[in-house]
Amino acid sequence: MLRRAGTVVAAAGAGAAAGSLLSAHSGTQKGATQKGETQKAESRKQPTFLLVHGANSNAYAFAPLIAALTMEGHRALAVDLPGHGVQANFPPSYQTPQDLTAFAAAPSSVLSRTTLEDNARHVVSVVRRIARQGPVILVGHSMGGATITRAANQVPDAIARLVYLSAFCCVRIRTVLDCFLVPEGRTTLLPTIPSVGNPERTGVLRNNWRSADAGFIAKAKAAFAAEYSDTVFRNALNAFEPDESASLIRDDARGHPATWGRIPRSYLRFTLDRSIPPALQDRMIREADAATPGNRFDVHSLPAPHLGPADPAPLATVLASLV
């Protein structure tokens with residue numbers, strides 16, 4: 001009887017212990033779930049920098065900047081525009097030994113039919129996906145400015161801030177090409193860099209960045225990064241792609257005040273830029289502010305050439321401050 005009673009008591013004790021364990025486990029699961037949901041909610045508040053490259057470039061160009069931002073705890077992603085990155089055109093004639101005659105006539109199947117709207121549509125698709133996870137800070141460098149402006153016309157509510165890194169921001173000036181025809185743009189050194197081929201036939205603007213000609217390299221360096229050492233500039237030059245769509249500089253790149261114009265925006269002036277001269281940068285800022293006087297540019301200046309500072313840390317610091 002006592003043994004039986006003891007068994008019942010032991011069973012009851014075991015049941016109570018099991019209940020306690022289950023209750024504790026349930027509480028732990030509930031706590032972990034709540035913690036996970038809190039972390040997800042906090043993550044959704046954290047913005048993502050979406051970086052858009054300029055002409056003849058690709059997402060790889062932003063690798064040092066992404067590293068600098070990531071090490072400071074920020075989320076950053078670079079996008080390859082259509083016809084760039086893995087889709088870039090590197091014809092056999094561009095390799096060593098080069099066949100410059102064949103290179104000048106080589107087709108560029110993707111970029112020859114790529115428009116600014118194609119670029120914008122691609123960026124919009126990425127913006128929409130990232131916006132599910134939190135605010136998007138859309139950053140454009142150089143020609144990338146025209147792309148982010150067109151994208152902002154389409155999805156203003158999905159973008160928390162626009163950032164122009166010495167980039168084209170057209171409002172009154174219709175196209176990128178027109179920017180170089182106004183007085184402030186005529187001092188650009190870009191036309192001094194020799195091109196290859198006929199854009200009317202190939203549909204692309206083409207350069208031989210692998211040229212060993214000292215004169216060519218000197219002109220490219222003067223336009224893009226005169227302040228870089230020769231070694232650093234050659235490294236940058238080796239990341240360039242030979243082709244860019246000829247359509248981009250002629251397509252309407254203007255921001256619309258009713259859509260683009262209501263997004264908070266920042267402009268990072270590169271004061272040593274000889275491709276997009278500071279005077280042209282300032283004109284674009286003035287015209288944008290005049291179009292949306294209630295939403296003016298937040299302006300920062302860096303002593304950097306067109307490719308940006310060789311050390312990405314100062315640029316990352318300014319971008320981080322925008323968060």
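The model shown is predicted, which means the values in this text are computed figures rather than measured ones. Along the sequence shown, the residues carry numbers beginning at 1. Reckoned from all heavy atoms, side chains included, excluding hydrogens, waters and symmetry mates.
Ala320 and His74 make their closest contact through CB-NE2, 3.4 Å (heavy atoms, listed as atom of the first residue, atom of the second, distance). Between Ala225 and Leu307 the shortest heavy-atom distance is CB-CD1, 4.1 Å. Across all non-hydrogen atoms, the minimal contact from Ala246 to Leu205 is CA-CG, 4.0 Å. In this structure, Pro82 and Asp118 approach most closely via the heavy-atom pair CG-O, 4.0 Å. Between Asp311 and Pro314 the shortest heavy-atom distance is O-CD, 3.0 Å. Shortest non-hydrogen contact noted between Ala68 and Ala316 is CB-CB, 3.7 Å.
The pair Arg274-Glu227 meets the salt-bridge criterion, since a charged nitrogen lies less than 4.0 angstrom from a carboxylate oxygen. Using a cut-off of 4.0 Å between Lys/Arg side-chain N and Asp/Glu carboxylate O, Arg269 and Asp282 are scored as salt-bridged. Here Asp157 pairs with Arg262 in a salt bridge; the nearest charged N to carboxylate O distance falls below 4.0 Å. Between Lys221 and Asp230, at least one side-chain nitrogen of the basic residue sits less than 4.0 Å from a carboxylate oxygen of the acidic one, meeting the salt-bridge criterion. Residues Glu200 and Arg250 are paired through a salt bridge, judged by an N-O separation under 4.0 Å between the basic side chain and the carboxylate.
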Trace of the side chain to side chain donor-acceptor pair (under 3.5 Å) decision for Thr115 with Asp251: CA-CA 7 Å; Thr115 66; Asp251 292 343; 4.7 Å; no
Derivation and outcome, side-chain contact (heavy atoms from CB on, under 4.5 Å), residues Leu272 and His306: CA-CA 7 Å; Leu272 305 179; His306 187 64; over 6 Å; no
Full working for side-chain contact (heavy atoms from CB on, under 4.5 Å) between Asn89 and Val110: CA-CA 8 Å; Asn89 182 43; Val110 176; over 6 Å; no
Stepwise side-chain contact (heavy atoms from CB on, under 4.5 Å) test for Glu244 and Val204: CA-CA 5 Å; Glu244 185 54 76; Val204 297; over 6 Å; no
Derivation of the salt bridge (Lys or Arg N to Asp or Glu O under 4.0 Å) call for Asp178 and Arg172: CA-CA 10 Å; Asp178 291 337; Arg172 291 187 62 187; over 6 Å; no
Full working for side-chain contact (heavy atoms from CB on, under 4.5 Å) between Val182 and Arg186: CA-CA 7 Å; Val182 300; Arg186 290 174 186 165; over 6 Å; no
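Residue pairs meeting the ring pair (Phe, Tyr, Trp, His ring centres under 6.0 Å) criterion with at least one partner in residues 235-272, sequence neighbours excluded, are Trp209-Phe240, Phe224-Phe240, Tyr267-Phe297.
Between the Arg265 side chain and the Ala288 main chain, a donor and an acceptor come within less than 3.5 Å of each other. Formation of a donor-acceptor pair under 3.5 Å by the Asn56 side chain with backbone atoms of Glu241 is found in this model. Between the side chain of Thr192 and the main chain of Leu189, a donor-acceptor pair closer than 3.5 Å is present. In this structure, the side chain of Gln281 engages the main chain of Ile276 through a donor-acceptor pair within 3.5 Å. Under a 3.5 Å cut-off, the side chain of Thr175 and the backbone N or O of Asp252 do not form any donor-acceptor pair. Of the possible polar contacts, none joining the Thr70 side chain to the Ala67 backbone as a donor-acceptor pair under 3.5 Å is found. Under a 3.5 Å cut-off, the side chain of Asn295 and the backbone N or O of Ile263 do form a donor-acceptor pair. Between the side chain of Ser142 and the backbone N or O of Gly144 there is no donor-acceptor pair closer than 3.5 Å.
If you check the side chains of Ser195 and Asn207, you find no donor sitting under 3.5 Å from an acceptor. The closest side-chain donor-acceptor pair between Gln95 and Arg210 falls under 3.5 angstrom. For Ser211 and Asn208, the side-chain atoms include no donor-acceptor pair closer than 3.5 Å. No side-chain donor-acceptor contact under 3.5 Å links Asp99 and Ser93. A donor-acceptor pair shorter than 3.5 Å can be found between the side chains of Ser166 and Asp273. Counting only N and O atoms by type, the side chains of Asp80 and Asn58 include no donor and acceptor under 3.5 Å apart.
Rounded to the nearest 0.5 Å, atoms NE2 (His141) and CG (Leu268) are 10.5 Å apart. Atoms CZ and CG, from Arg150 and Asn119 in turn, are 9.5 Å apart once rounded to the nearest 0.5 Å. Interatomic distance, Leu111 CG to Ser245 OG, rounded to the nearest 0.5 Å: 6.0 Å. Here Thr317 contributes atom OG1 and Leu69 contributes atom CG; the two are 9.0 Å apart, rounded to the nearest 0.5 Å. Between Ile148 atom CD1 and Ile159 atom CD1 the span is 8.0 Å, to the nearest 0.5 Å. Separation of atoms SG (Cys169) and CZ (Arg283) is listed at 13.0 Å; rounding is to 0.5 Å.
Within a 6.0 Å sphere centred on CZ of Arg129, heavy atoms belonging to other residues, nucleotides or ligands number 12 at most. For CZ of Arg201, the number of neighbouring non-hydrogen atoms (other residues, nucleotides, ligands) closer than 6.0 Å is 12 at most.
In this structure, His84 has its ring center closer than 6.0 angstrom to the ring center of His53. Here the two rings, on Phe180 and Phe168, have centers that are under 6.0 Å apart.
Using a 4.5 Å heavy-atom threshold, the side chains of Arg75 and Gln133 count as touching. The shortest side-chain heavy-atom distance between Leu65 and Phe49 does not fall under the 4.5 Å cut-off. Side-chain contact between Thr48 and Val136: absent, with no pair of heavy atoms (C-beta onward) separated by less than 4.5 Å. In this structure, the side chains of His300 and Val318 come closer than 4.5 Å at one or more pairs of heavy atoms.
Follow the hydrophobic side-chain contacts under 4.5 Å out from Leu50 and you never reach Leu322; the two are in separate clusters. If you chain together hydrophobic residues whose side chains sit under 4.5 Å apart, Val163 and Leu302 fall into the same group. There is no path of hydrophobic side-chain contacts, each under 4.5 Å, that joins Val139 to Val79. Connection of Leu77 to Leu315 is not established within any shared hydrophobic cluster, with ILVMFWY side chains joined at heavy-atom distances below 4.5 Å, either directly or through further cluster members. Residues Leu248 and Ile193 fall within the same hydrophobic cluster, defined by Ile, Leu, Val, Met, Phe, Trp and Tyr side chains chained together at heavy-atom separations under 4.5 Å.
Using bins of under 30°, 30° to 60° and over 60° for the plane-to-plane angle, the ring pair Tyr228/Phe233 lands in the perpendicular bin.
Arg161 pairs in a side-chain contact (heavy atoms from CB on, under 4.5 Å) with only one of the listed residues (Pro47, Pro135, Ser266), which is Ser266.
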